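Here is the structure we will look at, set down as structure tokens.
So that the names make sense, note that chain A is the first sequence line, chain B the second, and so on, each numbered from 1. Values in this document were obtained by computation on a predicted structure and should not be read as measured data. Scope of the values below: all heavy atoms of this structure, side chains included, with no hydrogens, waters or symmetry mates.
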There are 2 protein chains.
Amino acid sequence: MNGHSSVDRALAERVRAAAEELNYSASPLARSLVLGKTNTIAVVVPDLENPSFHGVLHGLSRAAKRNGYHVMIADSEESPVEERILAVETRRRCDGLVLCAPRMAEAELDQLLDELKPVVLVNRDAQSTTTPVVAADYRTALGELLDLLRGYGHRSLVYLAGAPESVANARRLEAIRDFLDDHPDSFVEITPCGVSFADGYEACERVVGSAATGVVAFNDLVAMGLISALSEHDVAVPEQISVVGFDDIPLARYMTPPLTTASVPVTELGAHAWRRMWDLLNGRVPDHAILLRPRIQSRASTGPARLGGVQS
Amino acid sequence: MNGHSSVDRALAERVRAAAEELNYSASPLARSLVLGKTNTIAVVVPDLENPSFHGVLHGLSRAAKRNGYHVMIADSEESPVEERILAVETRRRCDGLVLCAPRMAEAELDQLLDELKPVVLVNRDAQSTTTPVVAADYRTALGELLDLLRGYGHRSLVYLAGAPESVANARRLEAIRDFLDDHPDSFVEITPCGVSFADGYEACERVVGSAATGVVAFNDLVAMGLISALSEHDVAVPEQISVVGFDDIPLARYMTPPLTTASVPVTELGAHAWRRMWDLLNGRVPDHAILLRPRIQSRASTGPARLGGVQS
DNA sequence: ATGAAAGCGCTAACAT
DNA sequence: ATGTTAGCGCTTTCAT
């Protein structure tokens with residue numbers, strides 16, 4: 001018997017040596033079958049190409065490896081139906097599931113959660129109070145960005161919105177509503193925009209046409225696109241308009257000017273997700289939800305407001 | 001019996017219905033054990049955070065899914081020893097292995113390949129003539145970039161080198177050597193630099209100090225860092241110095257000026273890798289090696305050479 | 001056409 | 001302390 005029974009020392013040693021020689025090792029498959037555990041978990045993501053999932057995957061896989069677990073990946077290609085099928089099917093080949101920002105509807109998700117458990121949710125919450133959730137606190141972070149702008153004296157802002165349906169956008173809107181409630185003298189214009197550099201670039205006219213002195217872009221890409229267009233229109237950032245992004249992508253700090261933004265701790269998100277899963281796997285009950293606070297990176301794309309905005 | 005035996009129609013239908021009702025489905029684990037195949041492959045990468053591996057993973061996982069295969073990931077964290085252990089261990093839990101740009105030494109790799117097969121290599125070649133290799137043709141692509149610069153009249157260039165040991169850097173040096181052989185009137189100064197924005201930024205002095213009219217950066221990040229520093233030194237790109245990058249990262253086309261670079265088809269790389277694996281899995285013999293040509297993106301960071309370089 | 005039995009490679013519980 | 005056996009959940013082969 002291999003491992004920790006009560007066997008003769010010498011014999012055990014000889015067996016181990018022989019195993020080494022023939023380079024034999026127990027079939028993980030057969031072990032899994034009899035033990036009822038595969039030492040593998042799966043993570044389902046909507047799009048493997050999205051950088052924010054890389055971070056999560058990275059943090060998760062490293063943490064899992066330290067506990068001797070392997071990780072499978074499943075890419076739902078942004079399809080809610082595919083996502084459901086994939087989740088169920090993948091779940092059967094492993095011991096647990098991590099669902100990253102699932103795209104399926106609330107009702108469907110809640111119903112599915114029971115069948116899938118153990119399962120942990122990343123960047124998406126559910127009714128289920130038994131399912132652990134780990135998420136980035138977009139709402140608080142955007143609030144801090146708004147506060148920063150306000151601290152510089154900005155009272156009239158534009159928000160360049162992302163995908164209207166998305167949870168990410170909804171959270172930001174909540175933060176704006178909170179902010180407006182707290183500061184009745186402030187004004188934020190919600191402008192449909194998008195999530196890419198090109199979207200930000202094209203929003204330039206609208207921004208310049210408004211009386212705003214500050215812009216909150218949905219993310220860094222949008223902010224960069226906007227800044228690029230602004231510089232072509234000879235609008236100085238931050239002298240005439242301050243701009244903030246969101247995500248802190250690698251190039252954000254190297255832009256001219258370096259971009260003020262919120263850095264989402266994606267790798268930590270993944271590590272925390274594993275922690276929850278590990279608890280679940282060991283019969284422990286993890287905290288229900290944990291919100292990770294993005295870090296505000298205050299850089300040179302923001303500065304004191306000039307009265308009257310661009311026109312002045 | 002489930003599937004395609006010769007059974008009574010009605011009975012089969014009833015069984016299927018019952019299975020549906022109880023939402024029963026065969027345990028993939030037990031099936032795997034008896035069939036001797038897991039319908040899973042694993043891909044080993046040196047660093048899950050590296051964007052170029054995301055593309056490969058993405059293309060690979062989508063292609064594999066279409067053939068009913070799952071994919072596991074293993075992150076060796078850039079450690080050659082870890083890589084070896086991981087590869088062997090992971091291989092036992094699945095039907096095949098894809099090694100992405102393995103960091104281990106040639107000799108070790110060649111020896112290991114036999115134990116791991118079926119295995120396909122991405123962006124790294126080996127002695128083994130039986131192991132399929134799919135790679136990006138860095139050498140040809142850099143040659144084309146050099147030709148482009150030459151076409152603009154540049155005769156004196158600087159190459160900002162990446163990690164000295166890396167295969168990626170070696171391929172580029174080969175291309176430079178070829179180019180120099182073909183064009184004895186050209187001159188390329190090899191300068192140690194690095195792979196990041198900051199590395200490129202710091203190379204500015206060296207570049208300005210040289211007589212070069214064109215710069216070949218190891219990658220886009222380096223090129224961007226350099227251009228950023230050049231603009232602070234009021235050196236105009238491409239009027240005074242032309243700069244090319246490599247990779248075509250998402251922001252390359254949006255830089256000011258938009259960056260001339262080579263676009264590596266990473267997703268296709270992944271898809272091709274799966275194709276090879278699929279052949280291997282089905283007893284077919286795939287082509288030994290396939291080289292995917294990056295696409296040259298000629299943009300505004302390159303232009304006609306001015307005699308005398310910066311000084312003029 | 002259908003049912004029974006063997007066995008994939010292991011581990012755990014039992015008997016020696 | 002060591003050897004033996006049952007069985008994890010399937011598929012396949014062989015009888016019926």
Side-chain angles (χ1 to χ4, degrees), chain A residues 1-42 67-70 72 74 85-97 114-118 280-283, chain B residues 1-42 67-70 72 74 85-97 114-118 280-283:
Chain A
M1 303 161 191
N2 224 317
H4 59 297
S5 210
S6 48
V7 233
D8 190 69
R9 281 308 192 74
L11 208 171
E13 212 36 70
R14 269 180 50 210
V15 169
R16 233 175 299 269
E20 180 90 4
E21 185 141 356
L22 304 170
N23 81 35
Y24 164 91
S25 75
S27 148
L29 223 77
R31 289 187 102 248
S32 294
L33 182 61
V34 70
L35 295 185
K37 58 180 303 220
T38 61
N39 271 35
T40 302
I41 61 147
N67 288 314
Y69 265 72
H70 301 253
M72 296 194 33
I85 300 170
L86 212 56
V88 173
E89 221 236 275
T90 315
R91 174 62 184 85
R92 306 210 68 229
R93 326 191 134 257
C94 59
D95 304 339
L97 225 50
D114 225 55
E115 181 181 346
L116 298 179
K117 74 181 140 182
L280 251 24
L281 255 14
N282 292 319
Chain B
M1 301 159 193
N2 225 317
H4 58 295
S5 209
S6 49
V7 232
D8 189 68
R9 282 305 194 76
L11 208 170
E13 210 37 66
R14 271 180 49 212
V15 170
R16 233 174 300 267
E20 180 91 4
E21 186 140 355
L22 304 171
N23 81 36
Y24 164 90
S25 73
S27 148
L29 224 78
R31 288 187 103 247
S32 294
L33 182 59
V34 70
L35 296 187
K37 58 182 301 223
T38 60
N39 271 34
T40 301
I41 61 145
N67 288 314
Y69 264 72
H70 300 253
M72 295 195 34
I85 300 169
L86 212 57
V88 174
E89 221 235 275
T90 315
R91 173 61 183 86
R92 305 210 68 229
R93 327 191 132 258
C94 58
D95 304 338
L97 225 50
D114 224 56
E115 180 180 346
L116 297 178
K117 74 180 140 184
L280 251 24
L281 255 14
N282 293 317

Involving DNA chain D, stems made of at least three consecutive Watson-Crick or G-U pairs, both distances under 3.5 Å
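Correct response: C:1-15 with D:2-16.
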Pairs satisfying side chain to side chain donor-acceptor pair (under 3.5 Å), at least one member in residues 28-39 of chain B, at least two apart:
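Qualifying pairs: B/Lys37-B/Asn39, B/Thr38-B/Asp95.
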Can you check the [X] [atom1] to [N] [atom2] distance for me, whole Å?
X       : N      : atom1 : atom2 : value
B/Leu29 : D/dG7  : CG    : C1'   : 15 Å
A/Asn39 : C/dT11 : CG    : P     : 12 Å
A/Arg14 : D/dA1  : CZ    : P     : 18 Å

Tell me if the CZ atom of B/Arg14 is crowded by more than 12 foreign heavy atoms within 6.0 Å.
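At most 12 heavy atoms, drawn from other residues, nucleotides or ligands, come within 6.0 Å of this atom.
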Closest non-hydrogen atom pair, A/Ala87 against A/Leu97:
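Closest approach of A/Ala87 to A/Leu97, heavy atoms only: O-CD2, 3.4 Å.
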Do you know the tightest heavy-atom contact between B/Tyr69 and B/Ile41?
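Looking at all heavy atoms of both residues, the shortest contact is CD2-CG2, 4.0 Å.
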For B/Arg93, side-chain hydrogen bond (donor to acceptor under 3.5 Å, both in side chains) partners two or more places apart
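Checked B/Arg93 against side-chain hydrogen bond (donor to acceptor under 3.5 Å, both in side chains); matches are A/His70.
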Please list, chain by chain and in numerical order, all residues satisfying side-chain hydrogen bond (donor to acceptor under 3.5 Å, both in side chains) with B/Ser27, sequence neighbours excluded.
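With sequence neighbours excluded, B/Ser27 shows a side-chain hydrogen bond (donor to acceptor under 3.5 Å, both in side chains) to no residue whatsoever.
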Listed partners of A/Lys117 passing salt bridge (Lys or Arg N to Asp or Glu O under 4.0 Å), at least two apart
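Result, salt bridge (Lys or Arg N to Asp or Glu O under 4.0 Å) vs A/Lys117: A/Asp114.
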Between the protein and nucleotides 7-10 of chain C, are there any N/O to N/O pairs under 3.5 Å, and if so, what are the atom names and distances?
from: C/dC10; atom 1: OP1; to: A/Tyr24; atom 2: OH; distance (Å): 2.9
from: C/dC10; atom 1: OP1; to: A/Ser27; atom 2: N; distance (Å): 3.0
from: C/dC10; atom 1: OP2; to: A/Tyr24; atom 2: OH; distance (Å): 3.3
from: C/dC10; atom 1: O5'; to: A/Ser27; atom 2: N; distance (Å): 3.1

Give the C-alpha distance, both sets of side-chain angles, the deciding distance and a yes or no for side chain to side chain contact (heavy atoms under 4.5 Å, CB included) between B/Leu116 and B/Val88.
CA-CA 7 Å; B/Leu116 297 178; B/Val88 174; 4.3 Å; yes
